[in-house]
Every structure is written in C-alpha cells, then in structure tokens.
Number of protein chains: 2
Amino acid sequence: MKLQLTSPYTESVSQVHEPSTTRDSSPSQQPRWLAPQERDAWLRLVGVVIKLPTALDAQLQRDAGISLFEYQVLAGLSEAPDRMLRMSDLAELTNGSLSRLSHVVKRLGSRGWVRREPCPEDGRSTNAILTDEGLAKITATAPGHVDTVRRLVIDALTAAQVRSLREIGTRILQQVDPADTFRLRRAAPDAPAPGQERSR
Amino acid sequence: MKLQLTSPYTESVSQVHEPSTTRDSSPSQQPRWLAPQERDAWLRLVGVVIKLPTALDAQLQRDAGISLFEYQVLAGLSEAPDRMLRMSDLAELTNGSLSRLSHVVKRLGSRGWVRREPCPEDGRSTNAILTDEGLAKITATAPGHVDTVRRLVIDALTAAQVRSLREIGTRILQQVDPADTFRLRRAAPDAPAPGQERSR
DNA sequence: GAGCAGAACTTGAAGCGTCAAGCTTCCTGT
DNA sequence: ACAGGAAGCTTGACGCTTCAAGTTCTGCTC
C-alpha cells in the first residue's frame, strides 16, 4: 500500500501560479494551496464527515431499524412543545430539505410514529406530531444512540477538545451557512447552569 | 422560531435510570446522557457533518459538474504514481465502498476521464488510470475547490484550531474505524509537540 | 378587494449509494 | 495438483435524496 496523498491540496498538481490577483470572489485561479498541517487537518475532517454518519446510521439501523435522519426527526419532535412542530421548523432543525422531510414523514407516518395535521394558524403549513408509539420508539432508541455518540466522539476526546470542537464547529457552520448563524448563538452558554430547559 | 433542543441527548426524554450496571458493552440501557456542553459540541459536529459535504458538492457541481466523491477519485489518481491505482486502494483512499467506486469509475470512464485496465500482477484486480483529459479536468477544478475548502474551513480557524482539529479528527476516526488506524499514523509528522494526548 | 409575489408543502421522476449475488482469480493445505 | 475458501471486482435491484413542477394559501400593494 503506497497511498500517500489524497488530493491536490498542496501544489503537486497545478503549475498555475497567478501571482496575487487578490481578487478572490471569482473562484477560479488562486494558487493558495494548503500547507501540510492544513491539508492533514482537512483530510481528517473529510474522513470524519464521511464515515461518522455511516457509523451512526449503521448502529441505528441495526438496533432500531431507522436512519440517523429519522432519529433526528423523532427526537426533534419529542422535545418540542406538544410533541409537534411545523414541517419547515423541523426541516431546519434536522438540517434537511423540506422535500426530504416530507418523504420521510410520510414513511414515519406509515409506521405509525408521526401524524400530520394542518396548521390552524397558517393554512399553508403542516404540523408533524409525534404519536405515543413514536415517543415509545424514540425513548427506546435514544440510550443506544447516545451511547454510540459517546463511544465514537465524546469519550474519545478530552474536555478541552470537546470545548475546542464546539468552537470549531461553530466557526465552520458560520461559513457554510451564514443565514443560520442566529441559531448558533443560542444553546448552552459555556458555564453549565444545569437543568433549565423548558423555555422556548 | 422556537427550536431549542434537537434530540434526546440530555435526560429530557427517558425516565429509564438503571443505576450503574457499569456493563456498557450492551448498547441498551445506559443513562449516560450528554452534559450541555457535550451535547452542544455534538450538535455542532452533526451540523458540520451534514452541511459541509453539501456545500462542497454544490460548489463542485456548479463549477465543474462533478461531485465531491468524483473529485476525490480524480484527485487521488492524479497524485498516484503513473496516475494509476488499484480499485481497492482507491476505494480506501476515498473512504468509499468498492461497489460505489465501481459505479463511479464507470461514469467517469464514460466521460473520458478515467480508464480501466486489468492489473498485470494480480488478475483479480483492476487498475483505474487517469487519462490526460482527466488530469486536465482535475487541474482545472482543483483551485476552485481548494479555495472553497479554505473559505469554509481552514481560513475560518486559527492555527491552533487547525492543529486541534487535526488531533480531534484523528481521535474520532480511531473510534469509528479502528482498522484504519495505521493510515492515521502516516502523513504530516510536523505537528509541534502536541501537549496532551493519550487519555484513553 | 383584486391581483400577484412568494411562502409552505407535496409529488413524481431521475440519479446515486447500498446490498446481495455472482464471477474470476489467487492462495492454502493436503 | 487440486479442492475449498477467500480476495477483488462488477452488476442489478431497491431505497432514499434531490430536483423540478405543481398546489394551496398568505400578505402586499395599488
């Protein structure tokens, strides 16, 4: 096995060296390749981004017969007031498209875990509601999933690394989805004042 | 928008509290929920893991008409000796299944960027080879992609965070795919004395 | 108060990845 | 030297996601 590099991130491939046009809004000809440590960090991240969801899906599929996305849908509803959420809110919460969610809710509906109901306040909207069976399902599934999350991520890191991960994730998400930034500002202030949820 | 929690990671859902059976190999009934900062780091990571590939795919699709995985395939070949790699090595390199790779190489072949050739040394193996057109393609595509990687990830972080990310990624990958660990040991040894490790 | 842009959602079709089979080729033991 | 099993790869079918319309409803604006 002689696999060494993974992709042209350092200057091995391209000889194109446009010396500092400094106009970087046109994504075409910048020679700003990655330094070795940067490239390395990047390749690790790509590995995580590809393999972690697969691993989580595998555990959920094996133990509960649902996908990670389905888990997130059920889990999101389980923590919502009245176990009910508008489709678009649920889509945003689960980082999924409305279309995807619509398909998934239909499947979850046919399994008896979710039902739909027109939203009284806005005729265009649909509310997704977690049924009792759905709550039972997510309640039964959660411990195994959380255990997996611990094993694969949290418990593999030091406390300092967990803090760092949180900050790094925030930074990346701000770049990837700036519109979403306001969501990043809420949630868990650094010092844990435990046991107060229930606001909204 | 009143979305607050994303999934039962803290103890909001389950009332199941088996007090310390301490047997954790059976992934069924552990009440070890996540502390708020842990949960928060986790939700950030999930966001990244879902949205980052989408963003990268979008850029590549828009500017070059290829997916991230296809990019990785072409890029991997471009850096290999003779621009040639056995299918299984390429699969491992790109974090993909052999089956997936086979389909993708077929598509890339029909676009003229890759060709297949039986491996002389091992009759079971197939070599994937990057054509001149394929090299031209990846050479043209790389700068825009690297620029995106910089914008979304590297340049959004401090140097210390990049180092941290590298270490965190390594840890997670060791958990997710222990068989792959040897690959994590190679690559970029120039990390400056990484203060703490070896927690478990 | 009528028309119109846009928001919220659904649906069907097309594309991609996974899974299970199947086909060669290689290796190991006897 | 040959049988059995494993490794490497390909293929087809199925399921899920995305994409592009299409529908219904809301809120503006004139």
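In what follows, every chain begins at residue 1, and chains take the letters A, B, ... in the order their sequences are listed. Only heavy atoms go into these numbers, but all of them, side chains included; no hydrogens, no water, no symmetry mates.
For residues 103-115 of chain B, proximity to DNA chain C is found at B:His103, B:Val104, B:Arg107, defined as any non-hydrogen atom under 4.0 angstrom from a strand atom.
Partners of A:Asp82 under the salt bridge (Lys or Arg N to Asp or Glu O under 4.0 Å) rule, at least two apart in sequence or in another chain, do not exist in this structure. A:Gln61 is linked by a side chain to side chain donor-acceptor pair (under 3.5 Å) to nothing, counting only residues two or more places apart in sequence or in another chain. For B:Arg100, there are no side chain to side chain donor-acceptor pair (under 3.5 Å) partners two or more places apart in sequence or in a different chain. Taking the side-chain contact (heavy atoms from CB on, under 4.5 Å) definition, one finds that B:Arg150 meets it with A:Arg32, A:Leu34, A:Glu38, B:Ile154, B:Asp155, sequence neighbours left out. With sequence neighbours excluded, the residues that form a side-chain contact (heavy atoms from CB on, under 4.5 Å) with B:Ala128 are B:Leu77, B:Met87, B:Leu90, B:Val114. Listed by chain and residue number, B:Asp122 satisfy the side chain to side chain donor-acceptor pair (under 3.5 Å) test with B:Arg124 (two or more places apart in sequence, or in another chain). The salt bridge (Lys or Arg N to Asp or Glu O under 4.0 Å) test applied to B:Arg116 returns no partner, not counting sequence neighbours. Contacts of B:Asp57 classified as side chain to side chain donor-acceptor pair (under 3.5 Å), with partners at least two apart in sequence or in another chain: none. Taking the salt bridge (Lys or Arg N to Asp or Glu O under 4.0 Å) definition, one finds that A:Glu117 meets it with A:Arg115, sequence neighbours left out.
For A:Ser67 against D:dC16, a side-chain-to-base donor-acceptor contact under 3.5 Å is absent.
Regarding B:Leu90, its CG atom lies at a distance of 15 Å from the C1' atom of D:dT10, rounded to whole Å. Rounded to whole angstrom, the span from the CG atom of B:Leu101 across to the P atom of D:dT10 amounts to 8 Å. Rounded to whole Å, the distance from CZ on A:Phe69 to P on D:dC16 is 12 Å.
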Short heteroatom pairs, N/O only, protein and nucleotides 1-8 of chain D, under 3.5 Å:
| from | atom 1 | to | atom 2 | distance (Å) |
| --- | --- | --- | --- | --- |
| D:dA7 | O4' | B:Arg124 | NH1 | 3.2 |
| D:dG8 | O3' | B:Ser125 | OG | 3.2 |

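Residues A:Ile172 and A:Leu45 approach most closely at CD1-CD2, 4.1 Å, considering heavy atoms.
A residue-by-residue look at B:Arg116 and A:Arg100 shows that B:Arg116 has its nearest nucleotide of DNA chain D further toward the 5' end.
Protein chain A contacts DNA chain C from C:dG6 to C:dG12, reading 5' to 3' and using non-hydrogen atoms of the protein with a distance under 4.0 Å.
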